[in-house]
Chemist: 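The structure that follows is given in the form of structure tokens.
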There are 2 protein chains.
Amino acid sequence: MNNIETPVLSVDVILFKIKKKKLCVLLHKRETEPFKDAYALPGVAVRVNETLLMGAKRALFEKLNINFHKNLYLEQLATFDALYRDVRGRTVSVGYLGIDSSNKYTDENIIYKNIEDINKGSLPFDHNEIIETAVERLKGKMRYTNIAHKFLNSSFLIEELVELYKVVLNRNINLTNFRNKLLKIEMIEQKKILNEAVGKKGGRPPHLYSFTKNEIAFMDKDFLS
Amino acid sequence: MNNIETPVLSVDVILFKIKKKKLCVLLHKRETEPFKDAYALPGVAVRVNETLLMGAKRALFEKLNINFHKNLYLEQLATFDALYRDVRGRTVSVGYLGIDSSNKYTDENIIYKNIEDINKGSLPFDHNEIIETAVERLKGKMRYTNIAHKFLNSSFLIEELVELYKVVLNRNINLTNFRNKLLKIEMIEQKKILNEAVGKKGGRPPHLYSFTKNEIAFMDKDFLS
DNA sequence: GCAAAAGTGTTGTGACTACACCCATGG
DNA sequence: CCATGGGTGTAGTCACAACACTTTTGC
């Protein structure tokens, strides 16, 4: 069937991570032309016998040297199809939004690029646009799903969760009311175990919390003011 | 560049229309194998020199005999990539969600399929799944954007708007509070002209309303209970 | 004037914000 | 027992659902 002339299909992965209280995406230094040595999103051409998700995982492995694991979340974002987005020829790319809650990777060809710094310097291809779309999607999903748990360990402090929301949505949030709300809609629950050995200086030890559901779940409504 | 083996790329259009107070999608009778004579979504293979949107418009023209016009709205939905979704060979398809507010088309090869009836009979390829995704997207966007105006004329009665919401979301809505809410968030506005010649039997003539914005706009929050 | 259809006003209920207060620990 | 940080309670405000009431027309 592949005697038909068709655009090349690729995937690009926008992998989010929190670093130094900033929302970042992982970029890799390109080893080949075009844009050799520039930092760009990891991407590969999709093979005939693999799904887009398989392609996205392969891009992570081949370009970022990251093996897929259970703390790595991927979902389809959107498809980017501008006629001249790739100088090599017609290529349509499906973006995959990723979140990684595991420890950070230290590879000399990988950088964590702060979202706020991206507008300043332009990335290769249409990667600026792709990232912008991904950030909008992420912000939206933070408001009406429990996707936040993909950034965190299975147990966390309420302070960590609020901090995450502040960083991603880039605004202030009242911790007290936030906790009460998420408890009421049963998005999170308290684990009765108090935390004694966190190396705190003093003060009342915080509760541990966990999400009530492990999968991505839609809340009834936008739960932020 | 097209010496690389790559999946074939296609577009399928899910064109929504209200008919007899039911949410429907337009299907066409396939003229070729596979699934000859079965009803399916209009779709075409994407050409190297056209965008996905251009492909979607071409699908509407070639399969439904509909010329693109200003009352026809199209937006990208999602990309469907199951390995064996097309029996002819690996094909990845980008779905486009469409809404048409113009008069209905009468072509013997076109049918309006009620959404609620679709689960009963299975459609070719993965078109059931595509339509399900499109319906979910549409329902979602009805709740926090003004996408509803793509179904209506520029001026409409509040009763028509409520009826649209009832049909699409498949639930009851209080007209009075609905109007007050949409006026308050300035999604719609009253046109001062009262309507005298609508052929009503009696009763107070209704106001005409219009959307305050012509483009798709996101409201601050989900505006339905 | 009466019925019908549309639009306006009101009221009780529930949810949210802000903030004061209380609790549990280390030193 | 005081300082520190976490957690709980509350009160004023705001928004909303339900529904009664008023307006404007045709006959």
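Every chain is numbered from 1, with letters handed out A, B, ... down the list of sequences.
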Chemist: Can you confirm whether B/E186 is buried at CD, in the sense that more than 12 heavy atoms of other residues, nucleotides or ligands lie under 6.0 Å from that atom?
Modeler: no

Chemist: Distance check needed: D/dC16 P versus B/I173 CD1, whole Å only.
Modeler: 15 Å

Chemist: Could you state the CG-P distance from A/L161 to D/dG7, rounded to the nearest angstrom?
Modeler: 12 Å

Chemist: To the nearest Å, give me how far apart CD (B/Q190) and P (D/dT24) are.
Modeler: 13 Å

Chemist: So, for A/F211 and A/F156, is the gap between ring centers shorter than 6.0 Å?
Modeler: yes

Chemist: Starting at the 5' end of nucleotides 11-18 of chain C, put B wherever the base has a protein heavy atom under 4.0 Å, S where only the sugar-phosphate does, and a dash everywhere else.
Modeler: ----SSBB

Chemist: Before we go on, tell me: are the rings of B/F16 and B/F151 under 6.0 Å apart, centre to centre?
Modeler: no

Chemist: Can you check the B/L208 CG to C/dA5 C1' distance for me, whole Å?
Modeler: 15 Å

Chemist: Which nucleotide, D/dG7, C/dT25, C/dA6, lies nearest any side-chain atom of A/P205?
Modeler: C/dT25

Chemist: How long is the line joining CD of A/E189 and C1' of D/dG7, in whole Å?
Modeler: 18 Å

Chemist: For D/dG7, does either OP1 or OP2 sit under 4.0 Å from a side-chain N or O belonging to A/R179?
Modeler: yes

Chemist: Does the gap between the ring centers of A/Y165 and A/F178 come in under 6.0 Å?
Modeler: yes

Chemist: In whole Å, what is the span from the CG atom of B/L175 to the C1' atom of C/dA6?
Modeler: 9 Å

Chemist: Does A/K181 qualify as a cation-pi partner of A/F223, given the criterion of NZ or CZ under 6.0 Å from the six-membered ring centre and within 45 degrees of its axis?
Modeler: no

Chemist: Looking at A/K29 and A/E108, is any side-chain nitrogen of the basic one under 4.0 Å from a carboxylate oxygen of the acidic one?
Modeler: no

Chemist: Send over the distance from B/K221 NZ to D/dA15 C1', rounded to a whole Å.
Modeler: 11 Å

Chemist: Once you round it to whole Å, what is the distance between P of D/dG6 and CZ of A/F156?
Modeler: 15 Å

